[in-house]
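The block underneath contains the structure these notes are about, expressed in structure tokens.
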Protein chains: 2
Amino acid sequence: MRYSKEHKQETHARIVKKASVRLREKGAHGIGVADLMKEAGLTHGGFYAHFDSREALVIEAFAYAMDRSIEHWRKIAAETPAEKRLSTIIDSYVSPVHRDDPGRGCAVPALGAEIARESAKTRKAFAAKLEQLIDVMADQIPDVPRKTARRQAMGTLATMMGTLVMSRVAGSGELSDEILLAGREAALARATATKKARAKVN
Amino acid sequence: MRYSKEHKQETHARIVKKASVRLREKGAHGIGVADLMKEAGLTHGGFYAHFDSREALVIEAFAYAMDRSIEHWRKIAAETPAEKRLSTIIDSYVSPVHRDDPGRGCAVPALGAEIARESAKTRKAFAAKLEQLIDVMADQIPDVPRKTARRQAMGTLATMMGTLVMSRVAGSGELSDEILLAGREAALARATATKKARAKVN
DNA sequence: CCCATTAAATGTCCATGGTCATATAATAGC
DNA sequence: GCTATTATATGACCATGGACATTTAATGGG
């Protein structure tokens, strides 16, 4: 065969990676196949040698973005003392940097609402990754039953991603910063809720 | 002039109302001008007699949806004893009914992420309504300075809308219900946070 | 009762976008 | 170095969608 054996999969990976950025920036329908291929330095024609359909790329690109988030949180957890893990994750997530750079950020606030309207296949792929992300956060919540940790993680993530959406709508002015501040506070309070409650009881 | 004087504005209002439903259901770019006009029982040609552009309709339709939410919350506040207002708002918002009927629900979880990518004009219109919604919720948070109430309202709304987005992605199964439960808990805790803190201190 | 006025319909234009058939070009093995 | 093989490129098709110029139809005032 021509081209080195890895050539195609390297190209495939490059398309997915670039697409995952642009899709988060422009929305699940905000950019076309031709432009996505151009991002990867290719022309639109070869697209269907790599993907069955545009939807297939969206699924892969989305999964890629979620894997990066999961990896990032795991890395923070590994590098940070236990008592600061949650606040570090929250502070990096609910931040102006993340708000202003959706292309490199979490796919849930960027694409969640749109994915909710896609086919069952797409939604299932998304939901599976979402659950993984929830579980990584639940891992950082100590001293409570797993089920409780999961529930708190869900509430915390909902607060974090909702805050990001609202702050992005508000642009980058005063209101937006106020929303970020409120969201950080709320997320941290939720993530550490049981610990506080236990402290109060004891 | 032909047609009764109110005919045009009635038609205009009908287009906006129908569009606000379909746009929430299908996304800000999920339905075209022709189909939106058909919803109102008209053909696509007359559209530009009513709106300068498609974007202008999106702005109006969105504002309409937000006004309905604001009205709804004010009505709950007026009909419910003070101590139950927040929990009533939260329970009706973070519910399976709302999750499964985005067309009649809050526009923030349905359209927020997409609006964040639109023109400054569209975002400003959205942000103004979002702030009104925050203020209505802040009005229901008693015994704290206005600034604190606003901040808690922001955190609570972020939790509520984030929960709805996540639960919609998850479809309507077990995971989705778990997310709703977690979100209700988190939102209520945040909305009443200071009250609890005060109770603890006293 | 008719005509000036204006709401809505018809029909068209052009750009964009997903899909795919076919052509081209690059290389690995003989 | 040929040739079989396979990754991209070219180019086209067709559907959708926003925009708008023009026509049709409805009605209230003269």
Side-chain angles (χ1 to χ4, degrees), chain A residues 1-62 111 114-115 117-119 121-122, chain B residues 1-62 111 114-115 117-119 121-122:
Chain A
M1 49 183 118
R2 60 192 180 138
Y3 294 95
S4 74
K5 209 186 289 179
E6 311 84 12
H7 192 179
K8 187 171 184 178
Q9 46 185 326
E10 277 169 11
T11 303
H12 184 103
R14 198 172 69 244
I15 298 170
V16 170
K17 191 171 172 180
K18 297 278 189 179
S20 90
V21 175
R22 289 286 172 260
L23 288 169
R24 277 175 280 177
E25 283 177 358
K26 303 212 162 201
H29 295 280
I31 183 168
V33 168
D35 288 333
L36 288 171
M37 289 298 274
K38 202 184 291 175
E39 289 284 331
L42 302 170
T43 56
H44 67 280
F47 181 81
Y48 291 88
H50 288 284
F51 305 94
D52 284 346
S53 64
R54 189 182 183 282
E55 185 186 15
L57 169 60
V58 171
I59 291 175
E60 279 198 51
F62 161 74
L111 299 174
E114 281 170 276
I115 298 288
R117 295 182 203 108
E118 299 289 324
S119 72
K121 187 179 170 190
T122 305
Chain B
M1 48 182 122
R2 55 184 187 154
Y3 295 97
S4 73
K5 210 186 287 180
E6 311 81 14
H7 192 181
K8 188 172 186 181
Q9 48 185 325
E10 276 167 12
T11 303
H12 184 103
R14 197 171 70 244
I15 298 170
V16 169
K17 191 172 174 178
K18 297 278 189 179
S20 91
V21 174
R22 289 287 172 258
L23 288 170
R24 276 174 283 178
E25 282 177 359
K26 304 215 162 196
H29 295 279
I31 183 168
V33 169
D35 288 334
L36 287 171
M37 289 297 276
K38 202 185 290 175
E39 288 285 332
L42 302 171
T43 56
H44 63 280
F47 180 81
Y48 291 88
H50 287 287
F51 305 95
D52 284 346
S53 64
R54 188 181 183 284
E55 186 186 14
L57 169 61
V58 171
I59 292 175
E60 277 198 52
F62 161 73
L111 299 176
E114 282 170 277
I115 297 287
R117 297 184 202 104
E118 299 289 324
S119 71
K121 187 180 170 187
T122 304

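Residue numbering restarts at 1 for every chain, and letters A, B, ... go by the order of the sequence lines.
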To the nearest Å, how far apart are [X] [atom1] and [N] [atom2]?
X        : N       : atom1 : atom2 : value
Arg14(B) : dA8(C)  : CZ    : C1'   : 11 Å
Ile31(B) : dG18(D) : CD1   : C1'   : 14 Å
Asp35(A) : dG17(C) : CG    : P     : 6 Å
Phe47(A) : dA12(D) : CZ    : P     : 22 Å
His12(A) : dA7(D)  : NE2   : C1'   : 14 Å

Partner residues of [X] under the side-chain hydrogen bond (donor to acceptor under 3.5 Å, both in side chains) criterion, sequence neighbours left out:
X         : value
Glu25(B)  : Arg22(B)
His44(A)  : none
Ser119(A) : Glu55(A), Thr122(A)
Arg54(B)  : none

What residues from residues 36-44 of chain A pass a heavy-atom cutoff of under 4.0 Å to DNA chain D? Leu42(A), Thr43(A), His44(A)
Taking NZ, NE, NH1 and NH2 as the nitrogens, is one of them in Glu39(B) or Lys26(B) under 4.0 Å from a carboxylate oxygen of the other? no
Once salt bridge (charged side-chain N to carboxylate O under 4.0 Å, His left out) is applied, do any residues pair with Arg14(A), and if so which ones, sequence neighbours excluded? none
Can you pull out the residues from residues 48-62 of chain A that lie within a 4.0 Å heavy-atom distance of DNA chain C?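 Contacts with DNA chain C under 4.0 Å: Tyr48(A), Ser53(A), Arg54(A).
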With sequence neighbours excluded, what pairs up with Phe51(B) under the ring-ring contact (aromatic ring centres under 6.0 Å, His included) test? His12(B), Phe47(B)
Do any pairs count as a ring-ring contact (aromatic ring centres under 6.0 Å, His included) and have a residue in residues 15-41 of chain A, sequence neighbours left out, and if so which ones? none
